[in-house]
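See structure below.
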Amino acid sequence: MKKVIIAIVLLAGGITFAQKGEKGSRERMKDLSPEQMATLQTKKATLALDLTKAQQTQMKAFFTEEAEKRKAKMEARKAQKESGEKKALTSEERYAKANKRLDYQLAQKEKLAAILSDVQMAKWEKMKHRKGKHRKGKREGARNQKSRN
């Protein structure tokens with residue numbers, strides 16, 4: 001009996017320690033400036049896509065713009081959360097929000113297509129698809145975990 005209790009305590013402690021150690025790239029990137037985030041993203045894209053110097057400059061501008069928008073949205077969400085103004089959206093508001101997000105994604109894809117070659121764009125899409133699958137799997141796992149509790 002004593003051994004079982006010790007095993008349970010050790011197991012619970014190990015699980016807790018493992019969960020506290022997990023920090024995603026968002027947590028690590030949260031403290032970086034938009035310029036720093038853009039520089040890192042540009043270097044990763046250069047390694048993956050073999051970008052030319054001109055493409056690197058264009059991609060850095062693209063990533064800087066994205067990072068600034070993301071940072072502003074994050075600050076707005078944080079302010080809204082702190083003020084307690086968050087309300088449930090109606091179906092029309094959700095539709096408008098989703099439609100706006102998809103239009104934005106299409107515009108971003110067009111910008112990237114103007115910067116990257118066809119081969120690079122195909123590689124980018126493949127990388128993005130793989131990353132999306134990975135993230136989706138994590139979310140579904142978290143949902144399943146919540147429903148079990």
Side-chain angles (χ1 to χ4, degrees), residues 8 11-149:
I8 291 173
L11 183 63
I15 290 172
T16 303
F17 182 74
Q19 287 178 350
K20 285 184 180 179
E22 291 180 8
K23 284 199 175 185
S25 63
R26 284 187 181 186
E27 258 324 289
R28 291 188 298 266
M29 302 269 290
K30 182 173 74 171
D31 298 330
L32 299 178
S33 72
E35 184 69 28
Q36 291 171 323
M37 284 190 263
T39 301
L40 293 176
Q41 288 176 314
T42 303
K43 288 183 179 184
K44 286 180 184 179
T46 300
L47 288 172
L49 303 173
D50 298 323
L51 300 176
T52 65
K53 290 287 183 191
Q55 286 176 321
Q56 287 178 29
T57 305
Q58 291 174 320
M59 289 296 280
K60 186 170 182 180
F62 174 80
F63 287 136
T64 302
E65 180 185 335
E66 286 298 300
E68 288 170 352
K69 287 179 183 177
R70 220 176 14 256
K71 199 85 158 175
K73 281 184 179 181
M74 190 169 54
E75 292 298 323
R77 278 193 307 268
K78 188 176 180 182
Q80 187 180 36
K81 184 179 177 182
E82 288 174 356
S83 68
E85 293 178 11
K86 193 167 185 175
K87 62 175 183 154
L89 299 175
T90 65
S91 62
E92 286 186 24
E93 289 172 330
R94 276 195 309 273
Y95 169 75
K97 189 176 181 179
N99 198 23
K100 184 178 176 182
R101 180 177 37 82
L102 291 170
D103 286 342
Y104 180 76
Q105 288 175 348
L106 287 170
Q108 297 307 89
K109 190 173 182 177
E110 287 176 12
K111 285 182 185 179
L112 282 173
I115 297 170
L116 302 174
S117 70
D118 292 339
V119 174
Q120 289 170 326
M121 192 65 186
K123 204 171 186 181
W124 175 266
E125 287 294 324
K126 189 176 179 181
M127 287 172 20
K128 187 174 179 180
H129 179 70
R130 193 177 310 137
K131 185 178 179 183
K133 270 188 168 180
H134 177 71
R135 198 177 319 143
K136 183 178 177 184
K138 274 189 170 178
R139 266 198 315 261
E140 287 177 357
R143 285 184 190 147
N144 291 338
Q145 188 69 17
K146 285 181 184 176
S147 64
R148 289 182 198 153
N149 292 338

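FYI, side chains are in, hydrogens and waters are out, and symmetry mates aren't considered; it's all heavy atoms of this structure. Keep in mind it's a predicted model, so treat the numbers as computed, not measured.
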Does any non-hydrogen side-chain atom of Met59 lie less than 4.5 Å from one of Leu112? yes
List in chain and number order the residues that pass side chain to side chain contact (heavy atoms under 4.5 Å, CB included) with Gln105, two or more places apart in sequence or in another chain; answer none if no residue qualifies. Arg101, Leu102
Side chain to side chain contact (heavy atoms under 4.5 Å, CB included) between Met37 and Lys71: does it pass, once the steps are laid out? CA-CA 11 Å; Met37 284 190 263; Lys71 199 85 158 175; 4.2 Å; yes
Less than 4.5 Å apart, side chain to side chain, heavy atoms only: is that true for Thr64 and Thr42? no
Under a 4.5 Å cut-off applied to non-hydrogen side-chain atoms, are Gln108 and Phe62 in contact? yes
Could you measure the distance from the CZ atom of Arg94 to the CG atom of Asn99? Nearest 0.5 Å is fine. 14.5 Å
Rounded to the nearest 0.5 Å, what's the gap from NZ on Lys78 to CE on Met74? Could you check? 8.0 Å
Atom pairs and distances, side-chain donor-acceptor, residues 114-126, under 3.5 Å, sequence neighbours left out:
| from | atom 1 | to | atom 2 | distance (Å) |
| --- | --- | --- | --- | --- |
| Ser117 | OG | Gln120 | N | 3.2 |
| Ser117 | OG | Gln120 | OE1 | 3.3 |
| Gln120 | OE1 | Gln55 | NE2 | 2.7 |
| Gln120 | OE1 | Ser117 | N | 3.0 |
| Gln120 | NE2 | Leu49 | O | 3.0 |
| Gln120 | NE2 | Asp50 | O | 3.4 |
| Gln120 | NE2 | Gln55 | OE1 | 3.2 |
| Lys123 | NZ | Ala48 | O | 2.9 |

Could you check whether any side-chain heavy atom of Gln56 comes within less than 4.5 Å of a side-chain heavy atom of Lys53, counting everything from C-beta outward? yes
Answer yes or no: is there a side-chain heavy-atom contact under 4.5 Å between Tyr104 and Lys100? no
Euclidean distance, Glu82 CD relative to Gln80 CD, rounded to 0.5 Å: 11.0 Å
Quick one: side chain to side chain donor-acceptor pair (under 3.5 Å) partners of Thr39, sequence neighbours excluded? Lys60
With Glu93, which residues qualify under side chain to side chain contact (heavy atoms under 4.5 Å, CB included), at least two apart? Lys87, Leu89, Thr90
Which atoms form the tightest heavy-atom contact between Ala45 and Phe63, and what is the distance? CB-CE1, 4.2 Å
Tyr95: partners by side chain to side chain donor-acceptor pair (under 3.5 Å), with sequence neighbours left out: none
Not counting sequence neighbours, which residues clear salt bridge (charged side-chain N to carboxylate O under 4.0 Å, His left out) with Lys69? List them please. Glu65
